[in-house]
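By convention in this document, chain letters (A, B, ...) are assigned in the order of the sequence lines, proteins followed by strands, and residues within each chain are numbered from 1.
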Amino acid sequence: MGLEENFETGKVYTLKNILLKSSGVFIFLVLWEISPRIGWADKQFVPPFSTVINELIKLSASGALTMHIMVSLWRVLAGLIVAALIAIPLGFILSKSYPLLIEMLNPMLRFLSQANPFTLGPIFILFFGVGELVKISMIAWACIWPILFNLITGIKVVDPLLEKSAKSLNISPFQKFIKVLLPSVGPWIFTGLSTGVEISFFMVVAAEMIGTSAGLGWLVHNAGMNNKIVWIYSAAVLIIALGVLIKWFLGYTYDRLFFWKTAVDFYSEGRVHKRFDKSEVVFIIFMLVVILGFGAQQVKKADYQSKNMESHDHLELYKGSGDFQ
Amino acid sequence: MSRKLNNVYKIIVVLVFFGIWEFISRTEILNPVLVPAFTDVVKNIWDMFLAGNFTKHLVISLKRAGIGFALAVVTGIPLGLLLGGWFKTVQKSLEWLMIIFSQVNPFVMFHIIILVLGIGEKPKVIIIMWACLWPIITNTISGIQNVNDTILKAARGFGLGRVAIFIKVVFPASLPSIFTGLRLSAGYSVFMLVAAEMMGASSGLGWLIKSSEETYQILNIYGGALVIALLGVLIDGLMQLLEKRFTGRIKADYLNSEI
């Protein structure tokens, strides 16, 4: 496959390679643009790409998009933080101090991990009411399992040689945790976190379509309910772009946090492995804080709007969640 | 600890979990209206079974998930084999497009799929198929492209032709990776099924939960959640069994790197 060569020479982003790789996307977009225009596809159902982008720009200029994006991202991030706060300490404590217990709990945990967050939604509503807490707990539920299982596996496969040499060097338990355990388990935790993010971004859109008053999923649902087909496409383009961006960001962060590891997956070709710059760290922390702070404020704003406007869309949305067929 | 004893402990842990659930509800630590006792939930499922309508929803749901998954397998594996094995340039040129497509949330396209295919079974099946397709394709491609070079060279050294190499070496060696994709997809199929049925259906397990929620039948909500979780465990176990059966002889070092 030549991954090693790429890793050494770093000659992946040659012009030829980029042209080759983007050709598929380019051809697809061109097809999308011309097929409604020359009548291969119904213009009503498949608006040309330029129209969709145009509409997206108009929507974002009206300022409504920021709120929906921030609300969705905030939900994902809040759920992820809750999941990480539960799963990471639990995984460490259980598998470090009671390794046998983890072994015994395994079937039970597998069973719980199969409990679909959508089916648990109504149960969470019984406990938490219909506010943000339900969505966050649904997302947290979905995120806990990949983090926990990855962490347990990660601790299992820590190189015993490293642990023994650390022991023979007589380091303190705290130092052992920081210098041996964390660097070996870190990549596993991060893999769990990224799986969680991808699942929950996927989930949040679906959950918002079932019943909320803001967020990216609501944007799509609202467009569908109002028969604005162009808006559906615009929202879809936006969601896909965000999804690709998140995926790219996760890969980028993995390569810089764990620069000594080569993550081999389908999309890993030509990735650069080095440490984070300071400015990058500052930027990422800044973005996370913005999502948490600004997002929370946007969630409140959305909540306020939906309560006070007795919005027509909201009623439509409620009806729409019942029976098709 | 012996393996048998270990299994006994595993079963005990599961029983303890349901025991605690029962205990919390019976002693009214948590409101038994919100958390019905485990035995009541099981009894409710049994009653629904006897009444017959539960089996109907279960069969409908399984049919949707099964057809969607089967369609994804039938299209995904050949497509992955073709792209990964023969048309590598095409695969390279499609790589970024595939990244984009795998991010397409099928629910976002729900309204458009309905416009094109109409309401009924087709949109749900297509949604499940779309979600299942991408793990299968990517895992098939990465499996086929990572077959150990040494084994390939040995096969060529024995004078095997292209077709023979594919049937005897490349395909078996990439099976573990293909099965990873299949297992992921099987999990997705249940996941998507429930969400799709909650969004717009008038039958199936997801709908059962949604309508129970709207009519405050809390026992049904718990019952549905329990059955769906059990279904997930069973499907995952079945996939693991199949994986063992078909890839038992294939060792990890048949691939260049573990994926």
Separation of Gln114(A) CD from Ile228(B) CD1 (nearest 0.5 Å): 11.5 Å
Under 4.5 Å, counting heavy-atom pairs only, tell me which of Gly224(A), Pro122(A), Ala241(A) racks up the most with chain B. Pro122(A)
Taking the ring centre of each residue, are Phe111(A) and Phe17(B) less than 6.0 Å apart? no
Please look at Phe202(A) and chain B and tell me whether the side chain, the backbone, both or neither of the residue comes under 4.5 angstrom of a heavy atom of that chain. both
Looking at Trp145(A), I'd like to know if its CH2 atom is crowded, meaning that more than 12 non-hydrogen atoms belonging to other residues, nucleotides or ligands lie closer than 6.0 Å. yes
Checking Leu105(A) against chain B: side chain, backbone, both or neither under 4.5 Å from a heavy atom? both
Counting only non-hydrogen atoms closer than 4.5 Å, does Tyr216(B) touch chain A with its backbone (N, CA, C, O), its side chain (CB onward), both, or neither? neither
When every non-hydrogen atom of Arg110(A) is compared with those of Val233(B), the smallest separation belongs to O-CG2, 4.4 Å
Nearest-0.5 Å distance, CG of residue Leu15(B) to CE of residue Met108(A): 10.0 Å
For residues Ile123(A) and Ala225(B), report the shortest heavy-atom separation together with the two atoms involved. CD1-CB, 4.3 Å
Proximity breakdown for Ile125(A) and chain B, heavy-atom pairs closer than 4.5 Å: side chain
When heavy-atom pairs shorter than 4.5 Å are enumerated against chain B, which of Val220(A), Asn116(A), Val237(A), Leu219(A) gives the highest number? Asn116(A)
Best-contacting candidate, Gly217(A), Gly121(A), Ser23(A), against chain B by heavy atom pairs under 4.5 angstrom: Ser23(A)
Atom group of Leu112(A) that falls short of 4.5 Å from chain B, counting heavy atoms: side chain
Under 3.5 Å, which donor-acceptor pairs do the side chains of residues 185-197 of chain B form with other protein atoms, sequence neighbours left out?
from	atom 1	to	atom 2	distance (Å)
Ser185(B)	OG	Cys132(B)	O	2.7
Ser185(B)	OG	Gly181(B)	O	3.2
Ser189(B)	OG	Ala186(B)	O	2.7
Glu197(B)	OE1	Ser61(B)	OG	3.1
Glu197(B)	OE1	Leu205(B)	N	3.1
Glu197(B)	OE1	Gly206(B)	N	2.7
Glu197(B)	OE2	Ser61(B)	OG	2.9
Glu197(B)	OE2	Arg64(B)	NH1	2.6

If every non-hydrogen atom of Ala236(A) is compared with every non-hydrogen atom of Val108(B), which pair is closest and at what distance? CB-CG1, 3.3 Å
Just so I understand: if I count every heavy-atom pair under 4.5 Å between each of Leu231(B), Ile221(B), Ile11(B) and chain A, which residue has the most? Ile221(B)
If one checks every heavy atom of Ile235(B) against chain A at 4.5 Å, the contacting part turns out to be neither
To the nearest 0.5 Å, what is the distance between CG (Leu120(A)) and OH (Tyr222(B))? 9.0 Å
Does Gln240(B) have any side-chain hydrogen bond (donor to acceptor under 3.5 Å, both in side chains) partners at least two apart in sequence or in another chain, and if so, which? none
Between Val16(B) and chain A, with a heavy-atom cut-off of 4.5 Å, which part of the residue counts as in contact: side chain, backbone, both or neither? neither
Need one label for Phe127(A): side chain, backbone, both or neither, based on atoms under 4.5 Å from any heavy atom in chain B. side chain
List the atom of Gln103(B), the atom of Ile240(A), and the distance in Å for their closest heavy-atom pair. O-CG1, 4.1 Å
Over all heavy atoms of both residues, which pair between Ala115(A) and Ala229(B) is shortest? Give the atoms and the distance, please. CA-CB, 3.8 Å
